[in-house]
Amino acid sequence: MQIKVTVLGPGVADGVDVSIAAPGGTQLSAVLGSLASAVSPGGATPGAVFCEDRRLDPAQTPLGQPPLVDGAVLSLHRPLDGPGAEPVPARLLVASGPDAGGVHLLRGGTATIGRSADADIPLDDPDVSRLHCALTLGADGAITVADLGSTNGTSLDGRPVRERPVAVPPGGILRLGESALRVLTDERQPAAGGPPPAAGAAPSPPPAADADGRAARRAGWARGRRGPVAEPAGAPAPPAPGAGGPVARPSAADESRWPDLAALLLLAVESGPRLWERGPDSPDAYGIRLGTAPSPADGLVPVTVSLPAVGSLGLAGPRERIAGLARAVLAQLAALQPPSALELVVLAPGRAAEWSWLGWLPHTRPARGQDCRLLLGFDDEQVAARLAELAELTAAPAGGAPRRRSVVLVDGPLAGAAGQAVARLAADGPAAGVHLLCLAETPPATPSSPVASTLAAARAAAPAFAACGAVGLLSGAVATAVRLVGPDDSPGPPASADAVSPAWAERFARALAPLREERVGGGAGPAAQPGAPLPESCRLLDVLELSRVTPGALRERWAAGTELPLTLGAGERGPVTLGLAALGGPLLVEGGSRAGRTESLNALAASLAATLGPRELSLLLVEGAGEGLAPSAELPQVASYLTATDPLRIRAFAQALRAELKRRALLLGGSDFVARRLAAEAAGAGLAEAALAGGEAAEGRVVAPRSGGEPVGWAAREAAVPEPPMRAEGSAPLPWLVVLVDDLPALLAPPLGAPGRQSAGSMLRALDAVRREGQALGVRLVLAGARPTVEDPLRLASATRLSLTGTPPGRGELWAPDGARTPVQVGRITGRIPRTATLRPTVTRLDWARLGDPPARRPVRELGNGPTDIALLASAAARAARTREAAPATPV
């Protein structure tokens, strides 16, 4: 388990970001001293520790569980400001503008708004006066606004506001300079003719501090409330980018489709229902709101652009302004698209301090086997590695619309090979689902610097700009307006640009850091409970909760097991299991030569052997090449083990397997294996006995057929336990039969001259028979190999598959036939017992500039003279089987 948190201590104003690695279930007390040393080297262990305002009991607070999850902020010795329990009658949301996203709580009295730091609600908007206007919340709940003699004036729903107070209706929109502010009350009632509230569902306890960037600087780490309500169905398409002329009037659906940045912050903080709502098939997927155009009649008109429509997007203007706009764009993408539909990649050499906040987002975690800890490129080597990974995507053959897209932030000078690679990505990437967000520092578009001149300057500063289908060009004397320029260089009308501060972006990203996707019925959405990052490696016996592998422990597990629950390894919220009995086809384990395929098959065999005994389970192991499954052959549940080196044995094995299918079909009499097994258990009688009722005689024990005087099973084995048969005694139920095949391509299509080439057809026909008939006969198929590209005789394209990436070995995703994916770190089983030193929790200071590097390859330290885990399991299982056979047999 690994989590990233921030620790505050005496004399450390901004906190220290650290990474904690520890076994699951480790308590905070185990790392408390290390956390104190990370903040202040040599510092004493604190007497108290707080997560925001909540005091924690270090001995009763496990790492990786709320509140100690990714993005948490710990404070040593003293609490931070926390949420209050008293109701808040109204809120002010900064819906649009150069300092968008703020959520300010109105508790009563008068609050001044202005550019000055002395204002109660400060706004970083150059067009706002130092003290611009004042909002007053009366004792009766009425809200009024009055202008304070501002230079550019104040308007309410398009009507000017003077020094005399004017009543503000719920949902009313205030315009100050280029900023738009919306007032919401607990009634959540929209103003007449105005838009519906964009930030509310049912009331909930409010935060004590404003949920904006400044609150993060002033009052610790701000909090917020629920996200907006569900999006109305049948919303129209977004406006075309670069369209000239007046912007179309918005509807209520438009404002709901394109939530403002304040609503997005609340959505992230409270994991609202609209979080990650846009899957790849959503009509608004990968759409971006760049700003708003004022409309006196209809409020705020969103100015939007669709990345799939334009390919790549460029942003040009003064450095500070385009950085704020880019932060807003990336936050929108991360809030509305789940990590399964979007990955964010950063190419920003030398600018780690500015973009490190993206490292908190789950969208920057590698999910395609990239050799890095996060998808960040902050130096030349990291940039080259990220570009090589993206080039692999563009080189893959097109197969319809991509299910997962990559948005690549390009910020900084990229020359030479890197510059050429970025230019190729801008041209070829959109077809493969790779879209660039290019930043170029230029003067704003003004009469002295026309649009054409500014575009030319942007293309000179960033060559990839020439391939961008749309450009957001900041304009105006203070660069707070944006004009969307289309492919023909025709600019649209100016609109107020939406930008957010670095502190706002940090708060937003931390809110998303602990969340993982939860798929219920195939849908995407945030997990109800946050999960922990996958470990770099895990021990299968630990995942199975078999810290002590004894015959007694195994007998207890065998007595409780009936079906085929397959434990694969560690997931983000505990062990990842798969019901092998319920699969409608084979399970395919795919991955490269060093991804851990063979180790995964051994782990699957061990997992099954730890659940069901030899009476209930028989395993058949087949090697296409090598002897990687030899450790599993010691399990007493293994009925046969062979390699593809003897064509006669392969042919005999294939014949015996097909004969077993026919024999099972005869015994079951056309009924389903699972149903008959459950009926036999309920009746307390054997399945075979029930199947042969009505005058047929049970034929008793049936062993595997022999070929040439040799058993089909592994003849070289000299085990103390007799080799189990493919079917148990007539008085006991038929056992499950699982066939595990390693290196399937080498078995079915061996090269010329290979010993097994002549018998490949026999094996293919036998495995195909298992695929077709085994579902009803209690026979299951687990195959390891690459997915078929052209010929697919076993129909593996639609199979449930465990896809291994190889970084680190055993890391992968479990893919269901409906496309749902579950990340997993497959448990190790052939390693020796690890030393206890490797399980000690560690605390490391985070260097964000280095998180784009490959992860450290620390080898797992094992006891050199100890047995392997699978040898321990096999020995204990053999002893458990002997003592169990000596006892009177009872039906399973």
Side-chain angles (χ1 to χ4, degrees), residues 80-84 86-156 161-186 199 205-225 260-263 265-266 269 324 480 499-504 507:
L80 300 174
D81 291 339
E86 72 278 7
V88 175
R91 293 175 295 164
L92 180 68
L93 277 62
V94 184
S96 180
D99 196 12
V103 180
H104 304 273
L105 308 182
L106 305 178
R107 300 181 181 276
T110 299
T112 57
I113 306 173
R115 193 180 73 251
S116 171
D118 296 330
D120 298 314
I121 301 176
L123 287 178
D124 184 14
D125 184 343
D127 291 316
V128 170
S129 298
R130 292 177 57 81
L131 292 177
H132 197 102
C133 65
L135 275 178
T136 300
L137 175 61
D140 58 354
I143 302 175
T144 60
V145 61
D147 190 82
L148 297 179
S150 64
T151 301
N152 295 322
T154 305
S155 67
L156 172 61
V161 175
R162 309 299 182 190
E163 287 78 8
R164 186 175 180 178
V166 176
V168 179
I173 297 176
L174 291 171
R175 271 284 183 181
L176 291 70
E178 291 292 334
S179 299
L181 290 73
R182 178 179 280 125
V183 179
L184 295 179
T185 62
D186 277 347
D210 297 346
D212 65 351
R214 287 184 188 79
R217 292 193 293 267
R218 292 197 312 261
W221 305 90
R223 288 152 293 274
R225 293 176 61 181
D260 59 65
L261 290 158
L265 178 61
L266 299 180
V269 168
T480 55
V500 294
S501 67
W504 186 98
R507 179 67 188 97

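Note: hydrogens, waters and symmetry copies are ignored here, and every other heavy atom, side chains too, is used. What you are looking at is a predicted structure, and each value in this text was computed from that prediction instead of being measured.
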Distance check, rounded to the nearest 0.5 Å: [X] atom [atom1] versus [Y] atom [atom2]?
X      : Y      : atom1 : atom2 : value
Arg175 : Asp127 : CZ    : CG    : 11.0 Å
Asp120 : Thr110 : CG    : OG1   : 9.0 Å
Leu261 : Leu266 : CG    : CG    : 11.0 Å

Return yes if some donor-acceptor pair links the side-chain N/O of Arg115 with the main-chain N/O of Val128 below 3.5 Å, else return no.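 Such a contact is found between Arg115 side chain and Val128 backbone.
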Between Asp260 (side chain only) and Ala95 (backbone N and O only), is there a donor and an acceptor less than 3.5 Å apart?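 Here the side-chain-to-backbone pair does not exist.
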For [X] and [Y], work out which heavy atoms get closest and say how close.
X      : Y      : value
Ser155 : Val161 : C-CG2, 4.1 Å
Ala100 : Val94  : CA-CG1, 3.7 Å
Leu265 : Gly101 : CD2-O, 3.9 Å
Asp124 : Asp99  : N-OD2, 3.0 Å
Arg130 : Ala119 : O-CB, 4.3 Å
Ala111 : Ile121 : CB-CD1, 4.3 Å

Can you list everything that forms a side-chain contact (heavy atoms from CB on, under 4.5 Å) with [X]? Sequence neighbours excluded, please.
X      : value
Leu137 : Pro89, Leu106, Ile143
Ser179 : Pro98, Leu123, Asp125, Leu181
Arg162 : Pro160
Ser150 : Ser129, His132, Asp147, Thr154

Show your working on side-chain contact (heavy atoms from CB on, under 4.5 Å) between Ile113 and Val145 and close with a plain yes or no. CA-CA 10 Å; Ile113 306 173; Val145 61; over 6 Å; no
What pairs with Ser96 under side-chain hydrogen bond (donor to acceptor under 3.5 Å, both in side chains), at least two apart in sequence or on another chain?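 For Ser96 the side-chain hydrogen bond (donor to acceptor under 3.5 Å, both in side chains) partners, ignoring immediate neighbours, are Thr292, Asp498.
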